[in-house]
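Beneath this line is the structure, given in structure tokens, with notes to follow.
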Amino acid sequence: MSDTKNLFNKVWDLHTVGTLPSGQTQLFIGLHLIHEVTSPQAFAMLRERDLKVMYPERTFATVDHIVPTDNQARPFADNLAEQMMSAIEKNCREFGVTLFDLKDGRQGIVHTVGPEQGLTQPGMTIACGDSHTSTHGAFGSIAFGIGTSQVAYVLSTQTLAMNRPQVRRVGVNGELGPGVFAKDVILHIIRQLGVKGGIGYAYEFAGDVFDRMTMEERMTVCNMSIEGGARCGYINPDETTVEYIRGRPFAPQGEAFEKAREWWLSLASGPNAQFDDEVSYDAASIEPTVTWGINPGQSVGINEAIPTVASYPEEEQKGVQEALDFMELNEGQSMKGLKIDVAFIGSCTNGRISDLRQAAELAKGNRVAPGVKAIVVPGSQQVRRQAEEEGLAEIFTEAGFEWREAGCSMCLAMNPDKLKGREICASSSNRNFKGRQGSPTGRTLLMSPAMVTAAAIRGSVTDVREMLEPVGA
Ligand SMILES: CC(C)[C@H](C(=O)O)[C@@H](O)C(=O)O
Ligand code: SF4
């Protein structure tokens, strides 16, 4: 393999089956993850054509979006949710696909359970009928969100027709300050490059900030690469990646693991790797970040004022004003002190054990502010069990947070967890689109789980650094 090839192109080339008449690449998909929302029609398409799932052993299913996080008794109160649940149960049974269902112990958000079970590995191509599939790129896999008809295609052929994106290296170097987390890094990147800036690109995140990150932090970053418009995002595999995977249920074991390790590490972009574009940011310039608008690029550092409309290019000004009007915020205003109604800790961006540990550390000995509804929703049953064992669940409930079952919950509100009316929600999720959290007029402020916890306790948007122990104390 040539030294100048970056990881993305190495993995792409290794999985290329051929070039289609359209000019697209037919790409072999190593791992296909499915969930209840985008799979029912895909299975229906297979039935219509009398097709089978080509590699049921490369296909794994979970339930996450529609799952209630309080009362999980069947049948679910929501008829549509019950139908989706029964459909995935039937489809997995009939097509021979492993399903992590509610009784399984491994159920959770699709992007939480893949890595947790050791299914997600470096050098793989991964597809899932879900935009945040980019999360799996944290392992140095190339992982794409796909639509329902493509889900049918992958089920029946284990391949996907795709245009090869260009690769942009996004560097962040230096030291992150206290109270600045992976979430702030990716919100900062999206703000700089724009929500459409990544169109046509795969993002390689590189630099010493990512090198020092844990796998869970890397997943937070890659999860949101698609919010910046990129087709996918990834981080080169290193010893951190290898050690995370070691011993997980679906990881290679023994000698096979050592062989895989060598191969995984060989895939990383080397010092001479070429990129179609490169940008880089200084870690020290990143503050705890919070969104003020209706897309994930509309954010500010907690000590900054909301930018003026005039500071945007003319073609964007109308949209910016519309966002301010919807949020009932003004240019020049500070986000600090803005009252919140709801605090949501969870989602495939920030619903893993390290997120809950951070939140619990701040919640310990504090109380959720009067009038604020605060919920903590683990990303998976495994995260939930671990949090209970570590005493985190108890810390949360003592502080006045609700402790829930695993699922997507209020990230998308395709389940009973919804905002009401004009409520403002401090949320550790990844999208702040109008109506995203279940009320058409509800308002979402994206931030790190630590910032959400701080807002829950103070009752308003807070600089989390005010609540951290001074260094050395
Ligand atoms: C329901 C699903 C198709 C959707 C996605 O693709 O991302 C959801 O997960 C989301 O986050 O909006
Ligand atoms: S947690 Fe949110 S972003 Fe992630 S898969 Fe579920 S709905 Fe989509």
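Just so you know, ligand 1 is whichever comes first in the structure, and atom 1 is the first atom listed for that ligand. Numbers for residues simply follow the sequence, beginning at 1. Remember, it's a predicted structure, so these values are computed and weren't measured experimentally.
Rounded to the nearest 0.5 angstrom, Tyr203 OH and Asp277 CG are separated by 8.5 Å.
Under the 30°/60° scheme for interplanar angles, the aromatic rings of Phe139 and Tyr244 are found to stand perpendicular.
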Could you tabulate the donor-acceptor pairs under 3.5 Å formed by side-chain atoms of residues 452-459, not counting sequence neighbours?
residue: Thr453; atom: OG1; partner: Pro449; partner atom: O; Å: 2.7
residue: Arg458; atom: NH1; partner: Glu466; partner atom: OE1; Å: 3.0

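Gln83 CD: more than 12 foreign heavy atoms inside a 6.0 Å radius. Surrounding NZ of Lys364 are at most 12 heavy atoms belonging to other residues, nucleotides or ligands under 6.0 Å away.
For ligand 1, one of its N or O atoms has an N or O atom of Arg436 under 3.5 Å away. Any N or O atom pair closer than 3.5 Å counts here, and Thr38 shares no such pair with ligand 1.
Looking only at distances, no side-chain donor or acceptor of Glu402 sits under 3.5 Å from a matching main-chain atom of Ile375.
For atom 9 (O) of ligand 1, the nearest non-hydrogen atom from the set His65, Met414, His132, Glu36 comes from His65. The option with the heavy atom closest to atom 6 (O) of ligand 1, from among Ser131, Gly129, Ser429, is Ser131.
Within the structure, ligand 2 lacks Met410 among the residues with a heavy atom less than 4.0 angstrom away. Residue Asp64 places no heavy atom under 4.0 Å from ligand 2.
The count of protein N, O or S atoms under 2.8 Å from atom 2 (Fe) of ligand 2 stands at 1, with waters excluded from the count.
For Gln298, there are no side-chain hydrogen bond (donor to acceptor under 3.5 Å, both in side chains) partners two or more places apart in sequence or in a different chain. The side-chain hydrogen bond (donor to acceptor under 3.5 Å, both in side chains) test applied to Thr291 returns Asn432, not counting sequence neighbours.
Which parts of ligand 1 touch Arg431 is read off a 4.0 Å heavy-atom cut-off, strictly below it: atoms 7 (O), 10 (C), 11 (O), 12 (O). Interface of Arg436 with ligand 2, defined as ligand atoms under 4.0 Å from a residue heavy atom, comprises 2 (Fe), 3 (S), 7 (S).
Of the N and O atoms on the side chains of Asp130 and His111, at least one donor lies less than 3.5 Å from an acceptor on the other residue.
Remark: minimum distance from atom 4 (C) of ligand 1 to any protein heavy atom is reached at Asp130 OD2, 3.8 Å.
Among Leu446, Val195, Ile190, the single residue meeting the side chain to side chain contact (heavy atoms under 4.5 Å, CB included) criterion with Asn295 is Val195.
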